Amino acid sequence: MSARGFIGLAAVVLLGAWLVEGLLGLPGFGEDAPAYGLALADLALAERNATNAVSAVLFDLRALDTLGEALALFAGAAAVQTVLRELAGEEESEPPASTAVDRRPAPTGDAVRAVALWLVAPTVLYGAYIAARGHVSVGGGFQGGAIVAAAVALVFLAGRQATMHHLAPESALDITESIGAGGFLVVGLVALATGAGFLGNVLPLGEAGRLLSAGTIGVLSVLIGLEAASALATLIQKFVEQTVEIRQEEP
Amino acid sequence: MSAEHLPYLLAAWVLLTGLAGIVTSRDLVHTIMCLAVLQTSVHVLLLAIGYRHDATAPIYDDVPADVAVVDPVVQALTVTDIVVGAAATALLLAFAVQVNKRTGSLDPAGLVALRG
Amino acid sequence: MTAVQVIALLLVAVTAAGVAATRDTTRQAIVFGAHGMALTLLFLTFHAPGVAMAEAAVSGVVLPLLVLLALAKVRSGGR
Amino acid sequence: MPLAIAVPLLAAVVLRSLPPSVDRRVRDGLAVLSAAATALVTAWLLRASAAETLVHWVAGWTPREENAIGIALVADPIGAGIAALGAVLMTAVLLTKWNRETVDDRSHTLALIFLGGFCGFAFAGDLLTLFVFLETTSIAAYAITGYRPQELASLQGAVNFALTNTIGATLFLTGAAVLYAHAGTPNLAEIAELLNGAGVEAPTVIALGLMTAGLFTKAAVVPFHFWHADSHAVAPSWAAAFFSAVLIQVALYAIARLHWTAFAGPVEAHTDELRAFYAVFAVLTAGVAAVMCLVQDDLKRMLAFSTVAHLGIAAIGFATFEPDGIAGAGTYVVGHGLVKAGLFLAAGWLLVQHGTVSLAAFSGRAYRLPLLGGILAVGGLGLAGLPPFGMYTGKVLIDEAAEAVGYGWLSYVALAAAALTGAAVLRAAALVGLRATDRGGDRGDPDRDGGQGGQRVTLLILVPAVALMAASAVIGPLPTFIAAAEEAGERFVEVDAYVDAVLHGEAVAEPRPEPEDIFTAESLVESALAALAALILVAASLAIRPTAAALAPLGAAVGGLRRVHSGHVGDYVTWLVAGTAAIGITLSTLLR
């Protein structure tokens, strides 16, 4: 091991000793939760008719934080596009369909491919469902988006990146992602204009537990779902493109 | 030391193993994976902080409204951080792929363009 | 603390160390997926089903896939 | 306040979704306009906050029974001031990019996301919001740094930047989580109220230690600074101009903000120990970076180290814990930001027109660039602390604060660091502007000035550069500016007033203090001496040999220092971990 390894490990041990000593001074696990969080959990149901308090926090009570994170995701996806584009040989145009089929990477077993493809549609639907019912039950935009992105991964596993490219070309992902993040901002600004405050609630609250309830929470959740799904799909798509590029170069 | 602090200590453990992995790493992809592990430490810590015994998830769709729940704020922050963390990791991986393209290796010691 | 929580904690501890100690990056990506699954279990026991869902999709599927793709790129000549 | 966040972010989103057919003038116009609009909004906020601290509860969630519910955005003159500085500089650097990028360029999007996140960070009155916007700005910044992945150096800078800062962010969030658990709320004002008189407990030390380490990483405080020079040397010059003015300074701002909210009560009894603690890091930062600055050959890397050195000087102001120290640090950051942004733009012009910023390359060329040399020279004198630049004003205020708490010697450290960085830049000015040796190996071609858009590029880049420096010189001696800064400093350290304004809706108007007379004989002489020392140093170095190596009189020591800046990210993380452990253990001992 290098000198850096030794010194580094020694520093890590030292830091650990300090950290452990301090953490033992915290109140015990599960004895009490922060009062602030518990107050917000009550407000979610009482004043927003949202049965999922986490979503109420994400898309109403502390929606500004979510906006910040959404834009960080947006920036990350845009950055990966730029960084990997240089590698792709500066070629921007989409490949013609015929060569795209040849760009199939590793041969995947037929069974795997069939199963993967069969799973895609239900997974996408499930993700959309999770995002749309975020204010009512477990889940929300981020989870729904991540699940849809996992479906994109399934398309790849099925060896169908040509299909993937066809279904979700980069420019389309740019647009859907912008609709997601931009919509979030626009809803927030509309609320500001109507006097509810930036990212405040402007819609009727409905009845707790119903799909059409909890005001803007559901809307923002779906928009974030769109943003997260597009961003993560962009990431996967750009990385897939890289590998395909190389395989094509091989004899 | 007691069982009451076990989740906090786990968070510290995950943080430290991530750091230890990074300082001994000789491969950028390995470093980035360790960083991803390191980031999960704070997720464990956040959720442990929001947890309380005899409470349930802060989702009321099939429980009565007056039931005791755990903190939803830390959960909200953790959800967003997981997704954003993935974006940051992907960006670093993209850099690593590019580094490999320029130097033919993933060893950070091969990055010698800047020093002194 | 419940027994399931303790088991989940230990699993997370072991998988985290596993990721740091695995030098072969392809294998590391798989271990990382296992770490994600252990975290998913832990978060479920912490009454955070939404977080568990995000963790499963991101650490269990998306991130390992990205790493394997990056490695495929690197291994195949790299330039 | 939400507008300052939403406007640039919305423009960023729109810019990315525009089809490629849209003319680039439309894109550039949208980017510049949105940045200018943000500048107007923040300037208005700055003006309004001078009368009273502005509080905005996002989404209309005002406090219930004086307990925070939603997220508070708070604007006081210091916070609004740094946001305004960022927005003005962003407008200026986007102008220099006018019509120079391709249509699929994402840099505008990333730059505007950075700006929106930056404003959110400056106004955050909430621990978790602080973290979130730190993350937003950071990811945008990593992306901008690694933006030209054709170059290995660019990648190395971006990797080092992203890795160390992600670790820093995680440390910060860990500390924030502990503080949230301890206080039971993320609202800074409420934490201040709840922990007032609580004394030091184990979670306080953990939270303070980890958050300080995280923010020290972001603020490039020695020994957490290694990423900074690497990333700024390779970031596009327009971005470096912007980053070096506000990126690390805003982290110092966050340290100060946390000190005078969350930690004000618990650590009150240990003020003296903490003062020494921060002073040590400030002096280390100013000293190490100033020496490193002097031995650089790459102009951008030199400027980057000088930025770190000047952050150290501003940190001295913070470390005094005096209102005047804060006022001085704020003034210093503004004065420095304007000059440094101008210098980086000038370096960018060199890169565009002459293809290099290596001083060794310039010293061998047969032609001079008197205009650029002049700009660099003026900037160098400004960095050395000569009036009328804002840095002089800031330093006088810092000196007074240091004197008041018995740390008078700190002002000499600041003086020396300023002189060293000034000398480094002046040397560059001399090499670029004056030297006209006719030795062979003439790699440059004077006619290249006409290439690559020539005249127009020159105007586009150098006019904003000069304007920014001039702005620094104008505001420096302005009595109203000095008075406003001093008042801002007073208000910044008034924790009770902050809590009242945020939670209890009580605006407090303080009487405006008389502006300090900054042109005392002593201060003038000192700054003149610093500038003179810088000039002598330059003259001596040029007389001996124009290479960087000749400038290393301390030989082995400086060599060792340079070797430490190895460019290896594993080394940097090792330093980071060791630094964090040192901070933690020191704090545990000091605050016992």
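Please read these numbers as outputs of a predicted model, since none were measured by experiment. All chains are named by letter (A, B, ...) in the order of the sequence lines, taking the proteins before the strands, and each is independently numbered beginning at 1.
- In terms of heavy-atom pairs under 4.5 Å with chain B, the best-connected choice from A/G16, A/G8, A/A41 is A/A41.
- For chain A, the nearby parts of B/A90 are the backbone and the side chain; heavy atoms of each come within less than 4.5 Å.
- Taking all atoms of both residues into account, the shortest heavy-atom contact from A/A79 to B/L91 is CB-CD1, 3.6 Å.
- For A/A146, no part lies near chain B; criterion is any non-hydrogen pair under 4.5 Å.
- Between atom CD of residue A/E31 and atom CZ of residue B/R52 there is a gap of 13.0 Å, rounded to the nearest 0.5 Å.
- Options B/P58, B/A87, B/A86 differ in how many heavy-atom pairs under 4.5 Å they form with chain A, and the most are formed by B/P58.
- Between chain A and the residues B/D81, B/I49, B/V69, the most heavy-atom pairs under 4.5 angstrom are made by B/I49.
- With sequence neighbours left out, the side-chain hydrogen bond (donor to acceptor under 3.5 Å, both in side chains) criterion links B/Q75 to no other residue.
- The shortest non-hydrogen separation linking A/G37 to B/D71 is CA-OD1, 3.1 Å.
- Residue with the most contacts toward chain B among A/P27, A/A77, A/S55, A/A149: A/P27 (heavy-atom pairs, distance under 4.5 Å).
- In terms of heavy-atom pairs under 4.5 angstrom with chain A, the leader among B/I82, B/T80, B/I22 is B/T80.
- Side-chain contact between A/Q143 and B/V79 is present, with heavy atoms from C-beta onward closer than 4.5 Å.
- The minimum heavy-atom distance between B/F95 and A/V83, with the atom names listed, is CE2-CG2, 3.7 Å.
- Of the listed residues A/L26, A/V13, A/L19, the one with more heavy-atom pairs under 4.5 angstrom with chain B than any other is A/L26.
- For B/V70, the part sitting under 4.5 Å from any heavy atom of chain A is the backbone (N, CA, C, O) and nothing else.
- With rounding to the nearest 0.5 Å, the separation of CG in A/D32 from OH in B/Y51 is 13.5 Å.
- Judged by distance alone, with hydrogens and angles left aside, the side-chain atoms of B/H5 form no donor-acceptor pair with the main-chain N or O of A/G25 at under 3.5 Å.
- Interface summary for chain A: among B/A12, B/P72, B/G85, the most heavy-atom pairs under 4.5 angstrom belong to B/P72.
- Residue with the most contacts toward chain B among A/G76, A/G141, A/A53: A/A53 (heavy-atom pairs, distance under 4.5 Å).
- By the 4.5 Å heavy-atom criterion applied to side chains, A/L24 and B/L9 are counted as neighbours.
- Scanning for salt bridge (charged side-chain N to carboxylate O under 4.0 Å, His left out) contacts around A/D65 gives A/R62, with sequence neighbours left out.
- With a threshold of 4.5 angstrom between heavy atoms, B/L93 approaches chain A through its backbone and through its side chain.
- For chain A, no part of B/D54 is nearby; none of its heavy atoms comes within less than 4.5 Å.
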